[in-house]
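Structure record follows, encoded as structure tokens.
All of these numbers come straight from a predicted model, not from anything done at the bench.
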Amino acid sequence: MLNRNMTGPMVYEPDHLSIAPGDTVKFLATDKGHNAAVIEGMLLDGAAVFKGNINEEVAVTLTAEGLYGVKCSPHFAMGMAMPIEVGAARAKATDRPEGLPSRAKTRFEEILLRAGRH
């Protein structure tokens, strides 16, 4: 969780993950003021809701296959969000729930296009 990197402000690094079911992802509180939480509408059936505290590391094990969305609660409107693909499912740049903040929507599209998801 970073304030800035070469892709812009308020980012996760890496900004996209493709993992196997049962893998654990650990979000590191590198810069102050951030957290990692699931985006409403991007949590698969049967998956556990997670929301880390500000300035604290959080680890989450994702078991259900599909696309998860992660956000930084205080910086979501600024576009601080990332997709995580679990299992064989591959997201398209348009795979996201309605109602995302404009910058988060744009960030998802950019990330997935860079990852070759058209």
Side-chain angles (χ1 to χ4, degrees):
M1 300 177 276
L2 300 171
N3 292 335
R4 174 175 290 282
N5 71 8
M6 66 182 204
T7 63
M10 304 301 158
V11 294
Y12 289 96
E13 190 174 283
D15 63 4
H16 169 261
L17 293 173
S18 293
I19 64 173
D23 283 353
T24 298
V25 177
K26 187 174 188 179
F27 295 92
L28 305 176
T30 304
D31 289 338
K32 300 261 185 239
H34 303 293
N35 77 333
V38 71
I39 296 172
E40 188 175 323
M42 295 192 79
L43 182 67
L44 302 173
D45 289 340
V49 173
F50 66 90
K51 181 179 180 184
N53 293 321
I54 301 295
N55 300 328
E56 291 184 7
E57 294 179 7
V58 62
V60 60
T61 301
L62 303 173
T63 57
E65 289 196 28
L67 178 67
Y68 292 79
V70 177
K71 68 179 179 180
C72 172
S73 300
H75 301 112
F76 189 37
M78 297 174 75
M80 192 165 180
M82 70 174 289
I84 300 176
E85 296 170 315
V86 178
R90 292 295 171 249
K92 296 180 192 152
T94 56
D95 287 346
R96 62 205 164 352
E98 295 296 319
L100 288 181
S102 176
R103 290 183 182 173
K105 177 181 169 185
T106 299
R107 172 92 25 103
F108 263 91
E109 290 170 353
E110 290 170 353
I111 290 168
L112 292 171
L113 285 172
R114 264 196 323 271
R117 312 295 191 264
H118 302 285

Tightest non-hydrogen contact, residues Gly22 and Thr61, listed as O-CG2, 3.3 Å

If only atom types and distance count, is the side chain of Asp31 paired as donor or acceptor with the main-chain N or O of Asn3 below 3.5 Å? yes

Can a donor-acceptor pair be found, under 3.5 Å and without considering hydrogens, that links the side chain of Arg107 to the backbone of Ala81? no

Give a yes or no on whether Tyr68 and Met80 share a hydrophobic cluster (residues Ile, Leu, Val, Met, Phe, Trp, Tyr; joining criterion: side-chain heavy atoms under 4.5 Å apart). yes

Looking at Asn55 and Gly33, would you say the former's side chain and the latter's main chain have a donor-acceptor pair under 3.5 Å? yes

Say whether Val70 and Ile39 are linked into one hydrophobic cluster, either directly or through other cluster members, by side-chain heavy-atom distances under 4.5 angstrom. no

Looking only at heavy atoms, which two atoms of Ala64 and Leu44 are closest? And how far apart? O-CD1, 3.5 Å

List the atom of Phe108, the atom of Gly69, and the distance in Å for their closest heavy-atom pair. CZ-CA, 4.0 Å

Spell out, yes or no, whether Phe76 and Met1 are grouped together once hydrophobic residues are joined by side-chain heavy atoms under 4.5 Å, including indirect joins. no

Reported CG-to-CD1 distance for the pair Asp23 and Ile84, which is rounded to 0.5 angstrom: 10.5 Å

Exercise: identify the closest heavy-atom pair between Pro14 and Met82: O-CE, 3.7 Å

Cluster link Val25 to Leu28, ILVMFWY, side chain under 4.5 Å: no

When rounded to the nearest 0.5 angstrom, what distance separates OG1 in Thr7 from CD in Glu13? 7.5 Å

Measure across Asn35 and Ser73 and return the closest heavy-atom pair with its distance rounded to 0.1 Å. OD1-N, 2.7 Å

Verify, without hydrogens or angle tests, whether Glu65 (side chain) and Ala88 (backbone) share a donor-acceptor contact under 3.5 angstrom. yes

Using modelled atom types and a 3.5 Å cut-off, is there a donor and acceptor pairing between side-chain atoms of Tyr12 and backbone atoms of Cys72? yes

Would you give the length of the straight line joining atom CG of Leu62 to atom OG1 of Thr24, rounded to the nearest 0.5 angstrom? 8.0 Å

Let me confirm one number: the CG-CG distance from Asn5 to Asp15, rounded to the nearest 0.5 Å. 7.5 Å

Look at the side-chain heavy atoms of Ile, Leu, Val, Met, Phe, Trp and Tyr, link any pair under 4.5 Å apart, and say whether Val86 and Val58 land in one connected group. yes

Value for NZ (Lys26) from CD (Glu57), rounded to nearest 0.5 Å, stands at 4.5 Å

Can you name the nearest heavy-atom pair linking Pro9 to Val11, along with the distance? O-CG1, 3.5 Å

To the nearest 0.5 Å, how far apart are NZ in Lys51 and NZ in Lys71? 7.0 Å

